[in-house]
Amino acid sequence: MVAIRLPDGTEREFEEGATAREIAASIGTRLAQAAVAAVANDVVVDLDRPIEPANDAPVALRILTPKDRESLDVLRHSTAHLMARAIMRLYPGVQLAFGPTTAQGFYYDVLSAGRPISEADFPAIEAEMAAIVRAAEPFERFSLPVDQARAFCSDLGQKFKVEHIDTELHQYGVLSFYRQGEFVDLCRGPHIPSAAKAGAFKLLSIAGAYWKGRADGPTLQRIYGTAFFDKKELDAHLSRLEEAKKRDHRKLGKELGLFTISPMVGSGLVLWMPKGAIIRGVLESFVKDELIKDGYQPVYTPHIGKIELYQTSGHYPYYKDSQFPTLRLLSDAALALVELLESGSGDDAAQRKLLTDAGIPESMPRPVADATGESASESYWDLNPAGRVEYVERCGVAEEYLLKPMNCPHHIQIFAAQPRSYRDLPVRLAEFGTVYRYEQSGELSGLTRVRGFTQDDAHLFCTEDQVRGEFRATMELTRRILAGLGLTDYRLRLSKHDPSDAKYQGAAGETWRRAEDDIRAVLDEMRLPYDEASGEAAFYGPKADFIVRDCIGRQWQLGTVQLDYVLPERFKLDYTGADNHPHRPVMIHRAPLGSMERFFGILIEHFAGAFPLWLAPEQIRVLSVSDKTADYARGVLDRLLEHGFRAAIDHRAEKIGAKIRDAQLEKIPVMLVVGAKEAESGSVAYRDRHDGDQGSMSLEAAIERLETERRERVVRHVVEASATPEDHGSEQHAY
RNA sequence: GCUGCCGUGGCUCAGUCGGUAGAGCGCGUCCUUGGUAAGGACGAGGUCCUGGGUUCGAAUCCCAGCGGCAGCUCCA
């Protein structure tokens, strides 16, 4: 007998081997009909699998119906199987890789034997899936010992499954399979009992993916889809996706004239248009005001720095691949020699003298990279003129600069420029510093992933005793700034090092552990929920990251606060302590917004382009009902400008309805409509973008209202930052 | 970087079988002076991404490059 405890607390006994379906049936036929799967002691199981008795205690059993959140994952995973089955029918010889569920649906990675699958094939695949659903065959589970399972997959010709067994599953004694008609797949389950339960599904997109994420491995086709129990839910989901697209910052940025990216300038290099620049300027002032309150000191530093600076900091050559190539300047003698060679004149003696002047040896060890296998060194004199020029350009570099990939080395030089006492600490140096990183072309995306961006950066130099207090203050500053912009839908991540990653070599120490403990302590003290992620730390230290989603559900790191014991060591920074001995300071790197570009992108989507009054590029538009009141409208505009508002006037020969519509579409927060009535009484008809017509009021009253809204930085009608409310499953949410 | 898809007026998109390009919006001019989300007429505007190739002939077919999108990989 197996003892079962139901959610209402009642306990009942069933025959050994009883299935969840049978138990459901004993409760009620309707429950059994609606059942999709079950949860036995917190594990989701198939409806038709016998319930395993637990040691002594009764098994806590819950029957899942389409109303339960867990059911959706089961359905989607099963729908992935249906899709794979349909694809197998239409594309014989397809190799199946992985087919999991996601927060939004499911995908299956496949490798087709012949013609690749394209989106044009979706209708055919969906039709085949529909036919499979109509056939309503059951999902049948069976198990095989691991060696038989391997042979079975091998017989099926599924080499990815075989490899998966060999590399990861071989330690399990028994592996489970699911059979659905002619289709069998290695799978842990659970599944819906029958294809008949699958109802509303849609294939969404297709993209490349690597087998087990390895870029050197074969490229698979990943086919995305989603599924719901109810067609209405599917339609609602699809229309939500459509809505989300309308909020895409790339689309809104173009429509509202906020920014542009020109291939002539370069991919990932953002051009801020006047309206976008206004918003950025307001944001920067907002942040600066907060920084001053917290004792930060503004600094400015250049966009480039000598290569030696980054060699000391460790940024170069670690991150050589993600940096723009260095700027190499030849010495005068080397330049003269190149000129000489290119002019074709110059005897050996002249060349030898210039080589000496330039400090270039006459023979060099051959670089390993282009070693052709023969000689281990190359001599200047063995080369033809073109080769000699190349040689000189390679060896005659007097100075080498790097576009800065980070601001910290520059700020460190400011700290190090004068002797520091413990009394001076903490020193907090802040700058909107522009940095350049050569991101892979496939990574670039609107404003959220770019190659040149400005961080709202600052570096704090403090004593060990001050670390926790300063770290906490920076966390609070970040939260304050984000909250001021109405951004609260983020999660926090404690990014730790990964001991097995070469990037953190030398990180295996007491200081790293202490730094991670410090951050954890502050987060706990502030009662902030967070999750921890290994391998996400910067190479110089662990960090606390603020992560938000964009309108299509992608997650981005915005604000970050990082603790650093490494760079002060590398740069041998010190301050004089109370004991009159030198001590090493600790650094905190922090950027509440992260980068202006990415933050702006997220903010556009957050407000769906409808910026609050204090941020809006054009805050107020005066709409004259007709030309007859144009002069009065002009007077109203002047008063607004006097009060420091960004206002404009619409004097087109259009009807008032058209002017309102256009202002509305341009997302102008406030419209002041003026006609004969208003001109007569010195009033304005106040129209709010969100709340509509507010009626007439005196111009003074309107200005008063506007000033209040601006001063208090009122943030209203914030659109949910996530377009995906039905999020569930594997995603972790700290909130 | 990899895989797939895409590239036509400022924007969104049509464009048949290979035969020198079209709509709506926007823009300009004129008419209209209208009270809370689109008044009317006329007009301008195109190197069909770039470069090769096939062809009597290419927006259309092929190749390469550039750019974009989705995903993967990466992200100090």
Side-chain angles (χ1 to χ4, degrees), chain A residues 102 107 109 111 116-120 204-224 245 248 250-251 254-255 257 261-264 266-268 310 313-316 318-323 404-409 435 437-446 448-451 455 495 503-504 535-541 543 552 554 556-557 560 562 564 566-567 589 598 623-630 652-666 671-678 685-689 692-696:
Chain A
T102 65
Y107 65 81
D109 285 347
L111 182 64
I117 298 166
S118 81
E119 291 189 22
L204 296 173
S205 64
I206 195 163
Y210 298 116
W211 167 240
K212 293 197 172 177
R214 288 194 294 259
D216 53 350
T219 302
L220 311 172
Q221 289 191 287
R222 176 166 297 179
I223 302 162
Y224 285 86
K245 274 190 205 155
D248 192 312
R250 292 164 297 191
K251 183 175 156 67
K254 186 184 275 184
E255 284 173 3
I261 295 171
S262 157
M264 290 285 267
S267 296
Y310 302 100
S313 71
H315 291 107
Y316 190 91
Y318 266 158
Y319 295 97
K320 206 173 173 206
D321 290 344
S322 50
Q323 289 161 354
K404 69 177 172 186
M406 290 192 94
N407 299 304
C408 32
V435 298
R437 299 178 189 175
Y438 194 82
E439 303 287 0
Q440 297 180 52
S441 61
E443 294 311 324
L444 302 174
S445 176
T448 40
R449 194 79 184 265
V450 293
R451 285 181 174 161
Q455 298 174 307
S495 298
K503 176 165 105 175
Y504 303 113
E536 293 292 333
F539 75 88
Y540 48 73
K543 53 190 183 140
I552 54 176
R554 288 184 291 204
W556 300 100
Q557 176 193 308
T560 179
Q562 315 178 347
D564 178 9
V566 172
L567 292 185
H589 310 233
R598 177 178 291 179
L623 308 181
S624 171
V625 172
S626 83
D627 270 355
K628 292 190 181 112
T629 49
R652 293 174 304 163
E654 287 290 349
K655 298 212 284 193
I656 195 67
K659 292 184 182 182
I660 288 170
R661 179 171 193 271
D662 290 341
Q664 196 77 36
L665 291 176
E666 287 177 57
M671 291 158 245
L672 297 181
V673 178
V674 296
K677 267 187 296 185
E678 287 75 18
Y686 193 109
R687 190 182 212 281
D688 182 276
R689 172 181 58 197
D693 190 0
Q694 303 291 295
S696 278

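Computed from a predicted model, the values in this text were never measured in an experiment.
Residue-to-nucleotide contacts include a donor-acceptor pair under 3.5 Å from the side chain of A:Glu678 to the base of B:G35. With hydrogens and angles left out, the side chain of A:Glu119 and the base of B:C6 share no donor-acceptor pair within 3.5 Å. Interface remark: the A:Ser313 side chain does not form any donor-acceptor pair with the B:A76 base, using a distance-only criterion of under 3.5 Å.
If you check B:C74, B:G67, B:A70 against the side chain of A:Pro263, the one that comes closest is B:G67. Of the candidates B:A37, B:A76, B:U32, the closest approach to any side-chain atom of A:Pro405 belongs to B:A76. The side chain of A:Arg554 lies closest to B:G71 when the candidates are B:A76, B:C75, B:G71. Distance from the side chain of A:Ala658 is smallest for B:G39 among the nucleotides B:G67, B:G39, B:U3. For A:Tyr210, counting side-chain heavy atoms from C-beta on, the closest listed nucleotide (B:U73, B:G35, B:C75) is B:U73. In this structure, the nucleotide among B:C72, B:C69, B:G35 sitting nearest to the side chain of A:Val673 is B:G35. Looking at the side chain of A:Ala538, the nearest of the listed nucleotides B:A76, B:G34, B:U32 is B:A76. Here the nucleotide nearest the side chain of A:Ser205, chosen from B:A37, B:G71, B:A70, is B:A70. With B:C75, B:C72, B:G1 as the choices, the nucleotide that has an atom nearest any side-chain atom of A:Arg449 turns out to be B:C75. Relative to the side chain of A:Ile656, the nucleotides B:U73, B:U12, B:U36 differ in distance, and B:U36 lies closest.
Nucleotide B:A64 forms a pair with B:U50, judged by Watson-Crick or G-U wobble geometry with both contacts under 3.5 Å. Under the Watson-Crick and G-U wobble criteria, each requiring two contacts below 3.5 Å, nucleotide B:C30 is paired to B:G40. Using the Watson-Crick or G-U wobble rule with both distances under 3.5 Å, B:C2 pairs with B:G71. Base pairing of B:C25: its partner is B:G10, meeting the Watson-Crick or G-U wobble criterion (both donor-acceptor distances under 3.5 Å). In a base pair of the Watson-Crick type (N1 to N3 plus N6-O4 or O6-N4) or a G-U wobble (N1-O2 and O6-N3), with each distance short of 3.5 Å, B:C17 is matched with no nucleotide. Nucleotide B:U55: unpaired (no Watson-Crick or G-U wobble partner with both distances less than 3.5 Å).
Of the candidates A:His589, A:Gln557, A:Glu536, A:Gln557 is the only one forming a side chain to side chain donor-acceptor pair (under 3.5 Å) with A:Lys543. When A:Lys251, A:Arg250, A:Lys245 are each tested for a salt bridge (Lys or Arg N to Asp or Glu O under 4.0 Å) with A:Asp248, only one passes: A:Arg250.
Rounded to the nearest Å, the gap between the P atom of B:G26 and that of B:C11 is 15 Å. The gap from the P atom of B:G10 to that of B:G45 amounts to 12 Å, rounded to the nearest Å. B:G15 and B:G51 have their C1' atoms separated by 24 Å, given to the nearest Å. Nucleotides B:A59 and B:G7 place their P atoms 15 Å apart, quoted to the nearest Å. Taking the C1' atoms as reference points, B:G67 lies 10 Å from B:U50, given to the whole Å. Nucleotides B:C72 and B:C13, compared at atom C1', are 30 Å apart to the nearest Å. Using P as the reference atom, B:U12 and B:G1 are 25 Å apart when rounded to the nearest Å. Nucleotides B:C48 and B:U60 place their C1' atoms 10 Å apart, quoted to the nearest Å.
A:Gly213 comes within 4.0 angstrom of the backbone, heavy atoms only, and of no base. Looking at heavy-atom distances under 4.0 Å, A:Ser626 makes contact with a base. Contact annotation for A:Tyr540: backbone-only contact, meaning every heavy-atom pair under 4.0 Å involves sugar-phosphate atoms and none involves a base. In this structure, A:Ala653 reaches the bases: a heavy-atom distance under 4.0 Å links it to at least one base atom across the strands shown. Contacts of A:Gln323 with the nucleic acid, taken as non-hydrogen atoms under 4.0 Å apart, include base atoms. Counting any heavy atom pair closer than 4.0 Å across all strands shown, A:Gly657 reaches sugar-phosphate atoms only and no base atom.
Between the side chain of A:Gln664 and the main chain of A:Arg689, a donor-acceptor pair closer than 3.5 Å is present. Proximity of a side-chain donor or acceptor of A:Arg222 to a complementary backbone N or O of A:Ala207 within less than 3.5 Å is not detected. Panel note: side chain A:Gln323, backbone A:His315; a donor-acceptor pair is recorded below 3.5 Å. Between the side chain of A:Glu439 and the main chain of A:Arg449, no donor-acceptor pair closer than 3.5 Å is present.
Atom-to-atom, CG of A:Asp321 to C1' of B:C74 comes out at 10 Å; the value is rounded to the nearest Å. Atom pair A:Glu255:CD and B:G26:C1' shows a separation of 12 Å (rounding to whole Å applied). Per the geometry, CZ belonging to A:Arg598 stands 8 Å off C1' belonging to B:C75, to the nearest Å. Rounded to an integer number of Å, the gap from A:Asp693 CG to B:A37 P is 9 Å. A:Leu204 places its CG atom 13 Å from the C1' atom of B:G71, with the value rounded to the nearest Å. One can place CG of A:Leu444 at 17 Å from P of B:C74, the figure rounded to the nearest angstrom. The interatomic distance linking A:Phe539 (CZ) with B:C75 (C1') rounds to 14 Å, in whole Å. Distance, A:Lys251 NZ to B:C11 C1': 9 Å, rounded to whole Å.
By the 6.0 Å contact criterion, OH on A:Tyr438 is open, its count of non-hydrogen atoms from other residues, nucleotides or ligands being 12 or less.
Contact check, A:Arg687 against B:A37: a side-chain N or O comes under 4.0 Å of OP1 or OP2. Side-chain N/O atoms of A:Ser441 include one lying less than 4.0 angstrom from OP1 or OP2 on B:G1.
In terms of position on RNA chain B, the residue among A:Ile660 and A:Glu654 whose nearest nucleotide sits closer to the 5' end is A:Ile660. Along RNA chain B, the nucleotide nearest to A:Ala685 and the one nearest to A:Lys254 differ in position, and the one closer to the 5' end is contacted by A:Lys254.
In plain terms, the two heavy atoms of A:Glu119 and A:Ser205 that are nearest each other are OE2-CA, 3.9 Å. Heavy atoms only, all atoms of each residue included: A:Ser495 and A:Ala537 are closest at O-CB, 3.5 Å.
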